[in-house]
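Ligands are counted one by one from 1 in listed order, and the atoms in each one are counted from 1 as well.
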Amino acid sequence: MHKITIDPITRIEGHLKIEAEVDNNVVKNAKSSGVLFRGFEAILKDRFPPDAVYITQRICGVCPVAHAIASVQCLENAFGVNVPKNGRILRNFIQAVNHIESHILHFYHLAGLDFIKAPSVSPFIPRYEGKDFYRLDEKTNDAIFQQYLTALEIKSRSQELLAIWGGKIPHTASIVSGGISETVTLDKIISSRFQLREISEFIENVYLPSAYLIAGIYQDYFKIGIGPKNLLSYGVFGLDDENKNKLLKQGVYLEGKDLPFHEDFIAEDVSHSWCNEKTKPDLRKKNAYSFSKAPRYNEKVLEVGPLARMWINNPLLSQYGKDFFKKLNLKGTNFRDFGDYAFSVMGRHIARAEECLVIVKSMPKWLDELEIGKPSAASYEVPKEGAGAGLTEAPRGALGHWIEIKDSKISNYQCVVPTTWNASPKDGKGIPGVIEQALTGASVSDYKNPIELARIVRSFDPCIACAVHVLRGKSKDIQSFRVT
Ligand code: NFE
Ligand code: MG
């Protein structure tokens with residue numbers, strides 16, 4: 001048995017350590033460890049509840065809007081306030097921009113370099129090198145690498161678009177309890193359409209065809225990195241003021257069945273986490289190997305993220321998707337037509353690209369529905385006591401915030417975050433987390449250049465800053481922790 005350690009795994013957010021026990025070039029056992037220490041839930045204690053929206057956005061610079069939305073929804077749930085139509089639409093719009101830009105960043109700047117060979121200069125080297133690692137012919141490779149640079153410009157366009165309604169990004173200023181602090185004006189709608197068109201064209205004409213091109217050349221990755229095939233989505237982008245219909249619906253896919261979601265089925269296991277039942281840190285705990293906890297749903301391991309959302313929603317594929325099936329002499333029009341191949345590295349990449357299209361196609365309609373001159377926020381009062389839940393979908397998957405209020409202050413605040421689901425350690429029954437399962441069974445051709453494992457981990461787009469939440473201990477000092 002040989003042990004491969006990748007620590008930290010680069011081109012993701014935060015510090016993730018992967019350990020794999022390999023026998024005869026096959027992974028027998030894998031461990032995913034979040035080796036970053038945070039304390040957001042402790043920072044929130046005793047604060048003025050509406051401030052949670054701004055504090056929790058600082059959990060992450062990649063998906064701050066999703067945290068703002070989960071937070072504001074849990075506050076409004078506790079306050080008993082309804083958001084007016086303009087507020088609902090503008091929140092969707094801001095969240096959608098952040099969602100799309102995160103996927104583009106992931107495809108081109110994070111995971112893409114596992115498949116595209118960047119120029120052999122810093123910061124692109126050192127990298128894993130080996131025969132057949134980078135399979136694109138030179139011309140295609142150069143063309144897609146050029147898109148790496150265009151994608152940076154699209155990212156900056158997205159930030160500008162988001163700032164029209166969000167004030168700034170990362171960490172938007174306009175999301176407030178009751179709605180949005182921006183008012184709806186014609187000039188903002190016109191500027192939004194202009195910026196949106198450019199992003200939309202990039203997704204449709206550049207990102208999607210490139211995603212399918214890479215999927216075609218690396219087809220073996222439809223069989224690699226298979227997760228538990230159990231999926232969860234909380235749903236996102238409410239389409240009516242009663243919050244009944246969502247662009248991407250809520251659902252659970254468990255052991256081959258589509259099931260309704262039950263919040264009560266969520267529990268966090270800490271058997272292998274460096275914290276105790278009250279989520280206070282405990283670095284001496286036996287058998288612990290991660291700051292991440294292990295969320296489970298009715299004791300089952302669920303994968304969250306774009307793959308879960310696309311499987312649960314089963315949208316019609318883009319023309320590139322339909323053509324992809326035709327080229328392979330297969331029948332396919334919808335996401336589920338990928339069948340078992342969907343639960344893979346390439347399934348995750350395709351899900352992200354297809355999801356961008358579903359979202360960006362809906363956004364112009366949202367702008368049409370805005371009502372100039374109507375309010376975008378309702379007033380609210382902070383109650384003396386209360387509790388609320390806010391569930392949404394961040395780019396990386398199901399995100400939940402929960403609050404308890406006592407004496408008009410936050411008495412308890414908890415976040416259960418997408419990467420906590422996907423990068424979780426084993427639970428008390430010894431059942432591995434999603435990434436651990438996806439790694440197990442994978443082949444590694446060269447123990448010194450384990451690109452196969454990196455591709456599997458990056459297909460989840462992990463974010464460790466989001467994943468690890470640990471409450472304070474008795475001491476006021478932050479414990480020092482060495483990343484080796
Ligand atoms: Ni820090 Fe996040 C997203 C959230 S991931 S990126 O998407 O919530 O766990
Ligand atoms: Mg496996």
Side-chain angles (χ1 to χ4, degrees), residues 8-9 11-16 32-36 38 40-41 44 52-53 55-74 94-107 109-111 155 158 162 169-172 175 227 232-237 248 266 268 290-295 302-310 348-349 351-352 355-356 359 389-402 413-425 433-435 457-470:
I9 180 151
R11 280 190 273 112
I12 65 161
E13 204 301 318
H15 297 94
L16 177 68
S32 142
S33 310
V35 288
L36 184 76
R38 313 202 83 200
F40 266 84
E41 286 137 329
L44 286 152
V53 179
I55 296 170
T56 56
Q57 285 192 71
R58 268 74 188 172
I59 288 172
C60 182
V62 191
C63 65
V65 178
H67 283 290
I69 298 289
S71 183
V72 86
Q73 285 178 353
C74 89
I94 293 174
Q95 189 176 5
V97 178
N98 193 214
H99 204 101
I100 288 169
E101 68 167 340
S102 176
H103 285 358
I104 294 173
L105 174 90
H106 177 257
F107 183 74
H109 307 120
L110 302 177
K155 171 107 179 117
S158 312
L162 204 156
I169 179 78
H171 313 136
T172 64
I175 297 171
L232 166 68
S233 165
Y234 290 157
V236 66
F237 307 124
L248 299 175
I266 300 174
E268 285 191 304
S290 183
F291 279 115
S292 176
K293 295 181 262 182
L302 305 190
E303 175 170 347
V304 301
L307 158 60
R309 289 188 291 263
M310 290 299 97
R348 291 180 195 101
H349 287 301
R352 244 176 235 108
E355 178 174 76
C356 278
I359 296 172
L391 304 180
T392 188
E393 283 289 313
R396 287 155 197 75
L399 171 65
H401 285 203
W402 286 266
Y413 201 100
Q414 294 290 327
C415 312
V416 180
V417 181
T419 300
T420 321
W421 286 94
N422 286 339
S424 81
V434 176
I435 291 179
V457 175
R458 289 199 189 101
S459 73
F460 290 92
D461 194 6
C463 171
I464 308 308
C466 278
V468 286
H469 296 283
V470 179

Participant: Looking only at heavy atoms, which two atoms of S158 and V97 are closest? And how far apart?
Facilitator: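 Nearest pair, atom of S158 first, then V97: O-CG1, 3.3 Å.
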
Participant: Could you check whether T420 and E268, counting side-chain N and O atoms only, form a donor-acceptor pair closer than 3.5 Å?
Facilitator: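 Result is no, nothing qualifies.
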
Participant: Show me which atoms of ligand 1 lie under 4.0 Å from any heavy atom of C63.
Facilitator: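 So the atoms of ligand 1 that pass are 1 (Ni), 2 (Fe), 3 (C), 4 (C), 6 (S), 7 (O), 8 (O).
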
Participant: I need the atoms of ligand 1 closer than 4.0 Å to a non-hydrogen atom of R396, numbered in the order shown.
Facilitator: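 The atoms of ligand 1 under 4.0 Å from a heavy atom of R396 are 3 (C), 5 (S), 6 (S), 7 (O).
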
Participant: Under 4.0 Å from any heavy atom of P418, which atoms of ligand 1 are there?
Facilitator: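 Answer for ligand 1: 4 (C), 5 (S), 8 (O), 9 (O).
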
Participant: Side chain or backbone, does P395 bring an N or O within less than 3.5 Å of an N or O on ligand 1?
Facilitator: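 For ligand 1, there is an N or O atom that lies under 3.5 Å from one belonging to P395.
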
Participant: May I ask you to list the atoms of ligand 1 that are less than 4.0 angstrom from any heavy atom of L399?
Facilitator: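 Within the 4.0 Å cut-off of L399, ligand 1 contributes 8 (O).
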
Participant: I need the atoms of ligand 1 closer than 4.0 Å to a non-hydrogen atom of A394, numbered in the order shown.
Facilitator: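 Near A394, meaning under 4.0 Å from one of its heavy atoms, ligand 1 has 3 (C), 4 (C), 7 (O), 8 (O).
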
Participant: Could you say whether the N/O atoms of T420 and ligand 1 ever approach to under 3.5 Å?
Facilitator: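 Checking ligand 1 against T420, no N or O pair falls under 3.5 Å apart.
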
Participant: Give a rough value, rounded to 10 degrees, for the angle at atom 1 (Ni) of ligand 1 between atoms SG of C60 and SG of C463.
Facilitator: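 The two atoms subtend 110° at atom 1 (Ni) of ligand 1.
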
Participant: Measure the spacing between CD1 of I12 and CG of D461 and express it to the nearest 0.5 Å.
Facilitator: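 Rounded to the nearest 0.5 Å, the CD1-CG separation comes to 9.0 Å.
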
Participant: Contact between E13 and ligand 1, counting heavy atoms under 4.0 Å?
Facilitator: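 No.
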
Participant: I'd like to know if the side chain of H401 pairs up with that of Q73 as donor and acceptor (distance under 3.5 Å, no hydrogens or angles considered).
Facilitator: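 On atom types as modelled, these side chains do not qualify, holding no pair under 3.5 Å.
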
Participant: Assess whether salt bridge (Lys or Arg N to Asp or Glu O under 4.0 Å) is satisfied between R396 and E13, documenting all intermediate values.
Facilitator: CA-CA 12 Å; R396 287 155 197 75; E13 204 301 318; over 6 Å; no

Participant: For H106, is there any backbone N or O sitting under 3.5 Å from a side-chain donor or acceptor partner on R11?
Facilitator: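 No: the side chain of R11 does not pair with the backbone of H106.
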
Participant: Just by distance, no angles: are the side chains of H99 and E393 close enough, under 3.5 Å, to form a donor-acceptor pair?
Facilitator: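 No pair is found: no donor N or O on one side chain lies under 3.5 Å from an acceptor on the other.
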
